[in-house]
Amino acid sequence: MKIEAGSGERGMPGTLDHFRPDEYSPYHFFSSEEWAKFRADTPLTLSADEVKRLRSLDDPIDLDEVRRIYLSLSRLLSSHVEASQLLFEQRNRFLNMGDVNKTPFVIGIAGSVAVGKSTTARILKELLARWPSSPKVDLITTDGFLYPNEVLRRENLMERKGFPESYDIGALLRFLSAIKAGQPNVKAPRYSHLTYDVLPNEFTVIDQPDILIFEGINVLQSRDLPAGGRIVPIVSDFFDFSIYIDADEDFIHNWYVNRFMNLRQTAFRDPNSFFNRYASISEEAALSIAEGLWQNINLKNLRQNIVPTRPRADLILRKGENHLIDTVALRKL
């Protein structure tokens, strides 16, 4: 086996370079133009206005991007869901289990802040729900599973918000366990980006969907192996398919800072916003704060916890400087 030695995020001594498109890579690589051809006759069921409503601030996705990338992805996911359903039926016959309902097909979406995970999740939710079979599709983010700010302050973790230790992993795993057990009316805590905190006693109820999209920066995170072979699940154990949204560090840095500066003119102006204090300071001071948040929190999290999970994804959507996807990597079977 060929081993690629090097330095930086794309190569470390003794590790395979997953992003080198050769025979040793576990991925097939496609340009966006090559990938677009796989959409075949998949219908475009979204309008330009709907795409505009679904995209996040500063995300330039439009109908052309949906045609290029998301129709092919929708078709691929359809094949995976159908294969999962067929395997489920075959196993039921093998085990003589009779009439048992299939548990939800769970799609995990990971990637850095400001890279466009939320837009991807919302676009996919709408496309999947409009398949001819009209499946029930729900979307949950991991934000609601963060510890409340009160707890983070008490544990001196506010500067680590978004890092693995800032999440209530027990609650997160109980939620996914209940979903995969096929339980009805499973509650997920809600989060407010306005107040930058978990909303007390507010929940989103997930009632036996056909497909659940589960989005968050660290959803592909692994953990230390337990002693004695005890069963200690990780979040991705519950995924049937996983997607990582990728881009160069410098691009993500620019997108994050630009988004912060644009929010000063919009959401930050709300008196109830956690970040309201940044709306009235000078542009120079705000830029300094944005750079500090990136360097001291988000960049560290990206390098330490997020990028290392990238090779665990089934599909990697890599964006260029224009925030549009230019390369697709699909794990080989």
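Because the structure is a prediction, the values reported are computed rather than measured.
- The number of heavy-atom neighbours closer than 6.0 Å to CG of N156, taken from other residues, nucleotides and ligands shown, is 12 or below.
- Within a 6.0 Å radius of CD in Q90, more than 12 heavy atoms belonging to other residues, nucleotides or ligands are found.
- Residues L330 and L124 share a single hydrophobic cluster, defined by chaining ILVMFWY side chains whose heavy atoms lie under 4.5 Å apart.
- Taking 4.0 Å as the cut-off between side-chain N and carboxylate O, D64 and R67 count as a salt-bridged pair.
- Two residues are said to be in side-chain contact when any heavy atoms from C-beta on lie closer than 4.5 Å; P189 and L199 fail this criterion.
- Nearest approach of T309 to I306, heavy atoms of both residues: OG1-O, 2.7 Å.
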- [ ] May I have the step-by-step check of side chain to side chain donor-acceptor pair (under 3.5 Å) for D143 and H193, ending in yes or no?
- [x] CA-CA 9 Å; D143 296 333; H193 287 278; 3.0 Å; yes
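- Note that the CD1 atom of I123 and the OH atom of Y70 stand 7.0 Å from one another [nearest 0.5 Å].
- Not a single donor-acceptor pair under 3.5 Å links the side chain of N272 to the backbone N or O of T195.
- Ring geometry, Y196 versus F274: the interplanar angle falls from 30° to 60°, so the pair is classed tilted.
- Environment of NZ in K187: sparse, with no more than 12 heavy atoms of neighbouring residues, nucleotides or ligands closer than 6.0 Å.
- Note that the CG atom of L46 and the NZ atom of K52 stand 15.5 Å from one another [nearest 0.5 Å].
- Within 6.0 Å of CD in E284 there are 12 or fewer heavy atoms belonging to other residues, nucleotides or ligands.
- Using cut-offs of 30° and 60° for the angle between ring planes, the F30 and H28 rings count as tilted.
- Linking Ile, Leu, Val, Met, Phe, Trp and Tyr whenever their side-chain heavy atoms come within less than 4.5 Å leaves I107 and I234 in two separate clusters.
- Counting non-hydrogen atoms of other residues, nucleotides and ligands closer than 6.0 Å to CG of N322 gives a total above 12.
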TODO: Given ring pair (Phe, Tyr, Trp, His ring centres under 6.0 Å), test F214 with F238 step by step and report yes or no.
DONE: CA-CA 10 Å; F214 197 69; F238 299 92; 9.2 Å; no
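- Using a 4.5 Å heavy-atom threshold, the side chains of K300 and F163 count as touching.
- In the displayed structure, E34 atom CD is contacted under 6.0 Å by more than 12 heavy atoms of other residues, nucleotides or ligands.
- Under 4.0 Å is where a charged nitrogen must lie from a carboxylate oxygen, and between R303 and E249 at least one such pair does.
- Among all heavy-atom pairs drawn from G111 and I217, the shortest one is O-CG2, 3.1 Å.
- Hydrophobic clustering, defined by side-chain heavy atoms of Ile, Leu, Val, Met, Phe, Trp and Tyr closer than 4.5 Å, groups F88 together with F94, L95, M97, V100.
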Using atom types as modelled, flag every donor-acceptor pair under 3.5 Å from a side chain in residues 175-184 to any protein atom, sequence neighbours excluded.
{"unit_1": "S177", "atom_1": "OG", "unit_2": "L173", "atom_2": "O", "d": "2.8"}
{"unit_1": "K180", "atom_1": "NZ", "unit_2": "P104", "atom_2": "O", "d": "2.7"}
{"unit_1": "K180", "atom_1": "NZ", "unit_2": "D240", "atom_2": "OD1", "d": "3.4"}
{"unit_1": "K180", "atom_1": "NZ", "unit_2": "D240", "atom_2": "OD2", "d": "2.6"}

Open item on the list: Using side chain to side chain donor-acceptor pair (under 3.5 Å), reason through Y191 and T142 one step at a time and then give a plain yes or no.
Closed with: CA-CA 9 Å; Y191 184 87; T142 56; over 6 Å; no
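- Across all their heavy atoms, W35 and L76 have their closest contact at CH2-CD2, 4.0 Å.
- If you take CG on L315 and CG on L77, they are separated by 8.0 Å, rounding to the nearest 0.5 Å.
- Placement of L146 and M158 within a single hydrophobic cluster is found when ILVMFWY residues are connected by side-chain heavy-atom separations under 4.5 Å, directly or transitively.
- Between Y278 and F260, the gap from one ring centroid to the other is short of 6.0 Å.
- In the hydrophobic clustering of ILVMFWY residues, with side-chain heavy atoms under 4.5 Å counting as a link, M261 and L194 come out apart.
- Other residues, nucleotides and ligands contribute only 12 or fewer heavy atoms inside 6.0 Å of the NZ atom of K37.
- In terms of heavy atoms, D314 sits closest to Y27 at O-CE2, 4.0 Å.
- Here T204 contributes atom OG1 and I140 contributes atom CD1; the two are 4.5 Å apart, rounded to the nearest 0.5 Å.
- Judged by distance alone, with hydrogens and angles left aside, the side-chain atoms of D246 form no donor-acceptor pair with the main-chain N or O of I316 at under 3.5 Å.
- Nearest heavy atom pair, residue Q221 against residue N305, reads OE1-O, 3.0 Å.
- A distance of 6.0 Å or more separates the ring centres of Y167 and F145.
- A salt bridge links R130 to E50: one of the charged nitrogens lies within less than 4.0 Å of a carboxylate oxygen.
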- [ ] Please report the C-alpha distance between R312 and S236 in whole Å, then the side-chain angles of each, then the deciding distance to 0.1 Å, and finally whether the side chain to side chain donor-acceptor pair (under 3.5 Å) criterion is met.
- [x] CA-CA 9 Å; R312 304 189 66 236; S236 60; 3.1 Å; yes
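- The heavy-atom pair separating I61 from T119 by the smallest distance is CG2-CG2, 3.6 Å.
- S78 pairs in a side-chain contact (heavy atoms from CB on, under 4.5 Å) with only one of the listed residues (R75, E82, H80), which is E82.
- Residue R91 qualifies as open at atom CZ: its count of foreign heavy atoms under 6.0 Å is 12 or below.
- Taken together through direct or relayed side-chain contacts under 4.5 Å among Ile, Leu, Val, Met, Phe, Trp and Tyr, L324 and L63 form parts of separate hydrophobic clusters.
- Among R259, K117, R122, the single residue meeting the side-chain hydrogen bond (donor to acceptor under 3.5 Å, both in side chains) criterion with S56 is R122.
- Residue I206 holds its CD1 atom at 6.0 Å from CG of L212, rounded to the nearest 0.5 Å.
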